[in-house]
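Working notes, structure below.
Residues: numbered from 1 along the sequence shown.
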Amino acid sequence: MKNIKQLVLAATAAASFLVPALPAMAQANDQFIAIPSYRVGPYGTNGQSYYGGYVDYLNYVNLKDGGVNGVKLSWEECETEYNNAKGVECYERMKNKNTVTKGTAINPMATGISYALIDKSAEDKVPLLMIGYGRTDAVDGSVFPYAFPLVTTYQMQVSAIVKYLTTKNGGSLVGKKIVFLYHDSAYGKEPIVALEAEASIGKFKLVEIPVAHPGNEQGAQWLKIRQENPDYVIFWGWGVMNQTALKAAQKVGFARDKIIGSWWAGSEEDTIPAGDAAKGYLSATWNVAGKGVPLIADIEKVVYGAGKGNLQDKNKIGSVLYNRGVSAALATVEAVRTAQGKFGKKVMSGEDVRWGLENLNITNARLQQLGATGLLPEIKTSCDNHEGSGKVKIQQWDGSKWVLVSDWIEGNKNLIHPLFKASAAKYAKEKGITPACMK
């Protein structure tokens with residue numbers, strides 16, 4: 001019996017180390033937020049930082065303000081391992097944890113999972129957050145009323161990257177060759193239609209090279225890149241694929257300052273393990289890194305000062321992905337707050353929060369009030385625009401930290417928006433949806 005007790009205690013201790021303590025089961029008077037997360041598996045290191053920031057901000061709102069206008073936030077995590085089937089399973093398990101809120105909003109941080117949940121979440125009236133990822137055509141709220149690819153989509157991001165490279169080349173990429181090296185998944189494929197359109201109007205040659213999940217084998221791809229000898233590589237990686245690519249680029253002698261990654265290929269988790277091979281590497285980002293943002297410093301003071309921090313490794317506070325998690329949680333909470341402005345200072349239903357997400361107006365003045373000036377761009381949504389921004393900055397790894405090398409850059413809306421509008425219209429026809437804005 002003693003040995004059994006010791007085993008139980010040991011297992012309990014191990015579990016508490018792997019997944020930090022979570023709030024108690026949601027009550028009817030809580031604003032419950034379902035979090036299908038991934039802290040293990042090939043992308044677990046990235047998830048630990050991102051969801052650490054996400055949960056820390058929810059805790060911060062409870063500790064600092066007593067919740068949102070007096071309504072406490074509660075949440076629960078479910079491990080998906082970045083697996084589509086597990087993501088759907090987590091959604092089904094968590095969507096009715098609170099019979100009042102029905103999940104408030106769900107943020108799986110995985111394009112494949114979000115694709116799988118597009119129809120389900122609309123049917124269940126649970127807002128699907130795709131903050132910096134997911135389906136670009138879901139920007140059209142008349143077709144996707146419950147899906148919100150907030151801040152910036154993959155297609156607008158790749159357009160902004162092309163605009164940055166165009167500026168670096170005196171206003172033209174005519175005759176240049178660009179390789180698009182991408183994760184062979186829904187995430188990696190999402191920007192292709194936009195990049196092909198950019199190549200067509202910009203008259204540069206585009207070479208597309210996929211990398212199989214999880215991306216730790218890239219020898220053949222970088223051999224092809226060496227043969228192609230492109231002017232630039234636009235890189236859509238994730239997890240171990242990113243450091244592998246940087247090391248491979250160094251091995252074949254391709255300059256890292258000619259590689260520009262997506263925001264999911266631009267974190268400390270990507271560059272630090274790559275060592276010297278990462279120096280000079282560029283990436284897009286929709287949030288800044290560092291503790292220089294007052295909100296990030298205050299979270300450390302308030303949440304970790306109270307012994308309620310979610311991170312095991314406090315050194316990750318202020319990292320790109322930690323700050324991104326904070327930014328995503330901030331947008332979630334502001335949607336709840338916006339909904340309360342219309343429906344009253346009480347627990348909001350999924351339908352209420354959907355309205356809040358579609359009527360977000362996070363101005364620079366509001367960001368300043370939150371201590372988050374410059375952390376992320378302004379966000380203003382509508383039925384026609386579930387994205388709300390479309391802007392990124394470009395950052396560069398100097399060997400020890402990320403340094404911003406641009407101001408906010410907006411992708412080519414005149415090119416990209418008709419693309420996603422056409423895609424949304426096709427989706428509506430296939431599904432028998434009559435496009436219309438919800439009230």
> Please walk me through it: do Glu190 and Gln155 pass side-chain contact (heavy atoms from CB on, under 4.5 Å)?
Replying inline: CA-CA 7 Å; Glu190 183 69 21; Gln155 291 182 23; 3.7 Å; yes

> Side chains of Asn59 and Tyr304: donor-acceptor distance under 3.5 Å anywhere?
Replying inline: no

> Less than 4.0 Å between a side-chain N and a carboxylate O, is that true for Lys86 and Glu89?
Replying inline: no

> Do the side chains of Leu367 and Ile362 get nearer than 4.5 Å, heavy atoms only?
Replying inline: yes

>> Taking the side chain as everything from C-beta on, heavy atoms only, tell me whether Trp286 gets closer than 4.5 Å to Ser327.
In response: yes

Residues 196-211, side-chain donor-acceptor partners within the protein, below 3.5 Å, at least two apart:
residue	atom	partner	partner atom	Å
Glu198	OE2	Ser159	OG	2.6

> Stepwise, does the side-chain contact (heavy atoms from CB on, under 4.5 Å) test hold for Leu181 with Ile234?
Replying inline: CA-CA 6 Å; Leu181 184 69; Ile234 294 178; over 6 Å; no

> Can the positive tip of Arg324 be found less than 6.0 Å from the middle of the six-membered ring of Trp264, inside 45° of the ring normal?
Replying inline: yes

> Between Asp124 and Tyr91, do the side chains contain an N or O donor and an N or O acceptor separated by less than 3.5 Å?
Replying inline: yes

>> For Leu415 versus Leu419, what's the shortest heavy-atom pair and its separation?
In response: O-CG, 3.4 Å

> Would Lys342 count as a cation-pi partner of Trp355, with NZ or CZ less than 6.0 Å from the six-membered ring centre and within 45° of the ring normal?
Replying inline: yes

>> In terms of relative ring orientation, are Tyr43 and His213 parallel, tilted or perpendicular, with 30° and 60° separating the classes?
In response: tilted

> Can you check whether Pro435's main-chain N or O pairs, donor with acceptor, with Ser142's side chain at less than 3.5 Å?
Replying inline: no

> side chain to side chain donor-acceptor pair (under 3.5 Å) between Ser37 and Tyr54: does it pass, once the steps are laid out?
Replying inline: CA-CA 10 Å; Ser37 61; Tyr54 197 93; over 6 Å; no

>> Please determine whether side-chain contact (heavy atoms from CB on, under 4.5 Å) holds for the pair Phe148 and Glu387, giving the CA-CA distance in whole Å, both sets of side-chain angles, and the decisive distance to 0.1 Å.
In response: CA-CA 7 Å; Phe148 292 86; Glu387 180 181 43; over 6 Å; no

>> Does either side chain, that of Arg337 or that of Gln340, offer a donor lying less than 3.5 Å from an acceptor on the other one?
In response: no

> For residues Asp384 and Ser382, is any side-chain donor paired with an opposing acceptor at under 3.5 Å?
Replying inline: no

> Do side-chain atoms of Thr381 reach the backbone of Leu357 as a donor and acceptor pair under 3.5 angstrom?
Replying inline: yes

> So Tyr133 and Gln157, side chain to side chain donor-acceptor pair (under 3.5 Å) or not? Walk me through it.
Replying inline: CA-CA 10 Å; Tyr133 63 91; Gln157 177 189 195; over 6 Å; no

>> Any salt bridge linking Arg39 with Glu79? Criterion: basic side-chain nitrogen under 4.0 Å from a carboxylate oxygen.
In response: no

> Do Asn412 and His417 touch side chain to side chain, with heavy atoms closer than 4.5 Å?
Replying inline: no

> Any side-chain heavy atom of Tyr281 sitting closer than 4.5 Å to one from Asp257?
Replying inline: no

> Does the side chain of Glu378 come under 3.5 Å of the side chain of Thr363 through a donor N or O and an acceptor N or O?
Replying inline: no

> Judged by modelled atom types alone, do Thr373 and Gln368 share a side-chain donor-acceptor pair under 3.5 Å?
Replying inline: no

> Looking just at side-chain N and O atoms, do Asp313 and Tyr322 make a donor-acceptor pair shorter than 3.5 Å?
Replying inline: no

> Lys393 versus Ile409: any side-chain heavy-atom pair under 4.5 Å?
Replying inline: no

>> Checking Glu268 against Lys401 for the salt bridge (Lys or Arg N to Asp or Glu O under 4.0 Å) test, could you report, in this order, the C-alpha distance in whole Å, the side-chain angles of both residues, the deciding distance, and whether it holds?
In response: CA-CA 8 Å; Glu268 292 82 355; Lys401 65 183 181 302; over 6 Å; no

> Salt bridge check: are Lys421 and Asp140 linked by an N-O gap of less than 4.0 Å?
Replying inline: yes

>> Quick check on Lys177: does its NZ atom have over 12 non-hydrogen neighbours (other residues, nucleotides or ligands) under 6.0 Å away?
In response: yes

> In terms of side-chain geometry, is the basic nitrogen of Lys308 or Asp56 positioned less than 4.0 Å from the acidic oxygen of its partner?
Replying inline: no

> Just by distance, with hydrogens left out, do Ser267 and Asp270 show a side-chain donor and acceptor under 3.5 Å apart?
Replying inline: yes

> Mind checking whether Lys72 and Gln31 have side chains closer than 4.5 Å, heavy atoms only?
Replying inline: no

> Of the non-hydrogen atoms in Gly350 and Tyr146, which two are nearest, and what is the gap between them?
Replying inline: O-CE2, 4.2 Å

>> Looking at Lys346, I want to see if its NZ is surrounded by more than 12 non-hydrogen atoms of other residues, nucleotides or ligands under 6.0 Å.
In response: no

>> Under the rule for ring-ring contact (aromatic ring centres under 6.0 Å, His included), what residues qualify as partners of Phe180, not counting sequence neighbours?
In response: Tyr182, Trp236

>> Ignoring hydrogens and geometry beyond distance, is a side-chain donor-acceptor pair present between Tyr427 and Asp137 at under 3.5 Å?
In response: no

>> Any salt bridge linking Lys163 with Glu410? Criterion: basic side-chain nitrogen under 4.0 Å from a carboxylate oxygen.
In response: no

> Among all residues two or more places apart in sequence or in another chain, which pass the side-chain contact (heavy atoms from CB on, under 4.5 Å) test with Ala248?
Replying inline: Trp222

> Does NZ in Lys391 sit with more than 12 non-hydrogen atoms of other residues, nucleotides or ligands closer than 6.0 Å?
Replying inline: no

> Tyr164 and Val405: side-chain contact (heavy atoms from CB on, under 4.5 Å), yes or no, with the steps?
Replying inline: CA-CA 10 Å; Tyr164 173 78; Val405 294; 3.7 Å; yes

> Mind checking whether Tyr187 and Tyr154 have side chains closer than 4.5 Å, heavy atoms only?
Replying inline: yes

> When you check the side-chain N and O atoms of Glu269 and Thr45, is any donor under 3.5 Å from an acceptor?
Replying inline: no

